[in-house]
Amino acid sequence: MISSIKGMKDILPAETESWQFIENTIHNICQQFHFKEIRTPLLEQTSLFKRSIGEETDIVSKEMYTFFDRSNDSITLKPEATASIVRSFIQNHIGEDQPSTKLYQISAMFRQERPQAGRLRQFHQYDAEIFGSTEPSADAEIILLNSAIFKNLGLTNFKLILNSVGCENCRPNYRDAILKNLTSLKNKLTPQSRERLEKNPLRVLDSKEAEDIEATKNLPLIFEFLCDSCKTHFDELQNILKSVNLNFTINNRLVRGLDYYTKTAFEFISENLGSQDALSGGGRYDLLVSQLGGKKTPAVGFAGGIERLLMAIKKENQNLINNKTLKLFIASADTSSKNIVFQNANNLRNAGISTDFDLLNRSLKSQMREADRQNAEYLIVIGEKEISEEKVLIKNMQTRTSSLINLPINIEEINLIINK
RNA sequence: GUGGCCAUAGUUCAGUCGGUUAGAACGCCAGGUUGUGGCCCUGGAGGUCGUGGGUUCAAAUCCCACUGGUCACCCCA
């Protein structure tokens, strides 16, 4: 038997209604916030991700699906959305005819990690980006869009964690200070953190190992090093969030795993997700557009995981998602009526009424059971008698009451019954 | 990449001090007097017990390897 690739799951009919519900909600809320959808390819040149996410990050160094195509070009399945959107933003001159641009996307992503609860190798993210604004209100809008999506999905159990990671002016100073401190503490760190010290010292702060937390507890905080511009930006962002009553906590150790962030970094976490508790994350990346060859353009964005949303929704309220029902099932009482059933079903479907009938030449009893199993709201049985009398009973499966209508079925007449 | 747990019907599982034709529930199919579902009753189909090897007169059961799943670490969405 050929099975799916490890960490890549089929989304089966029983689940697709939930997916559609989540996707529709994201589209609706993004529209309310006036973001426009952008769709970029799943495959990009490998160098795009190396240059944006950072060569030393875990994502690039050990998780990307990278291979050579038949022209011997190195290509990669996108492990995150922002790089592709920035590439498209530059390539298509999206920022040239307007000072600021708001974009969103829903797409599959790929990372070759060991699968576990809430983590797959093909997973799905929704994300949004604002280009062109240095204002804290842009950061706030991204965060509020995120929380609006959660709220409209019925989620209540989520928390916002905020930090500022500084900018090109103040972060180097902080980095030097951390580096100096950590080097003297080197012996107390875990091997992983020692390795990280060389490549990206700030990430040592993010370690969850007890040893590292103990060793680093007295390190200077980023806030002591933020320049005036970063400090003001962070304060204003907090004020905006407070003014709309969005609660948050500040965690000065929040350092995200992608190298391109500047100033604001944030995560939304849920207590219902077990080990993989991040619902979404993002921040400001004022340098990335120019790093990738575009004009210097400030930007802020976030990405969230759809699988994790689904888990969180199920944990909080499994009745949230309604099943779509079948309006009408038409059974045939004898084989000679099959064609009439087919014709009438076809007319009803063309009129927008969801209709089904038997494809297996089964007994009437079996067809009835099928109608019941499919949760059909209404039932019609057509046989020789109905055809000759040009009348047919339509039965409400729940109330078990019937009414007589004309055959062939008249759309206006049946609509009077089924739209009550 | 590292570790824990698991692998028997479509599904959830029982069955292990080794011993006849491997079971249950749910689901599926068909009937229950000739054309009306759900409940109920009766019957039926469906499994080389994850794969390969070993021990034994005898293996779903014991041993080894592999594969797959799952959870956790790491990291992240």
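Computed from a predicted structure; not experimentally measured. Chain letters run A, B, ... following the sequence lines, proteins first, then strands; residues in each count from 1.
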Q.
Would A:K391 and A:E386 count as a salt bridge (Lys or Arg N to Asp or Glu O under 4.0 Å) here? Give the steps.
A. CA-CA 5 Å; A:K391 293 278 181 192; A:E386 284 78 10; over 6 Å; no

Q: Check step by step if salt bridge (Lys or Arg N to Asp or Glu O under 4.0 Å) holds for A:K78 and A:E80.
A: CA-CA 6 Å; A:K78 62 180 169 186; A:E80 63 106 35; over 6 Å; no

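Counting to the nearest Å, the C1' atom of B:C75 and the CD atom of A:Q112 are 14 Å from each other. Computed from coordinates, the A:L360 CG to B:C28 P distance equals 14 Å when rounded to whole Å. For the pair A:I106 CD1 and B:A77 C1', the interatomic distance rounds to 14 Å; values are reported in whole Å. Going from atom CZ of A:F357 over to atom P of B:U36 covers 22 Å, rounded to whole Å.
Shortest non-hydrogen contact noted between A:Y285 and A:Y260 is CB-O, 3.3 Å.
Picking from B:C75, B:A77, B:G37 the nucleotide with the shortest atom distance to the side chain of A:D58 gives B:C75.
One N or O donor and one acceptor, one from the side chain of A:R114 and one from the base of B:U2, sit under 3.5 Å apart. Scanning atom types as modelled, no donor and acceptor separated by under 3.5 angstrom connect the side chain of A:Q398 and the base of B:G38. For A:R119 against B:C75, a side-chain-to-base donor-acceptor contact under 3.5 Å is present.
A close approach under 4.0 Å does occur between a side-chain nitrogen or oxygen of A:Q116 and OP1 or OP2 of B:A72. Between A:K62 and B:G1 there is no side-chain polar atom (N or O) within less than 4.0 angstrom of OP1 or OP2. Between A:R373 and B:C28 there is a side-chain polar atom (N or O) within less than 4.0 angstrom of OP1 or OP2.
When each of A:T264, A:T134, A:I130, A:I240 is paired with A:D139, the side-chain contact (heavy atoms from CB on, under 4.5 Å) condition holds for A:T264 and for no other.
Ring centers of A:F329 and A:F357: at least 6.0 Å apart, outside the cut-off. Proximity of the aromatic rings of A:Y104 and A:F302 is defined here by a centroid distance below 6.0 angstrom, and this criterion is not met.
Looking at which nucleotide of RNA chain B each of A:E307 and A:S4 is closest to, the 5′-most match is held by A:S4. Ranked by how close their nearest RNA chain B nucleotide is to the 5' end, A:S3 and A:D277 are led by A:S3.
Of the N and O atoms on the side chains of A:S100 and A:S133, not one donor lies less than 3.5 Å from an acceptor on the other residue.
Consecutive Watson-Crick or G-U pairing (both distances under 3.5 Å) extending over three or more pairs maps onto RNA chain B as B:1-7 with B:67-73, B:10-13 with B:23-26, B:28-32 with B:40-44, B:50-54 with B:62-66.
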Would you list the protein and nucleotides 30-33 of chain B atom pairs, both N or O, that sit under 3.5 Å from each other?
from, atom 1, to, atom 2, distance (Å)
B:A30, OP1, A:S366, OG, 3.2
B:A30, OP2, A:S366, OG, 3.0
B:G32, N7, A:K365, NZ, 2.7
B:G32, O6, A:K365, NZ, 3.1
B:G32, O6, A:R369, NH2, 3.4

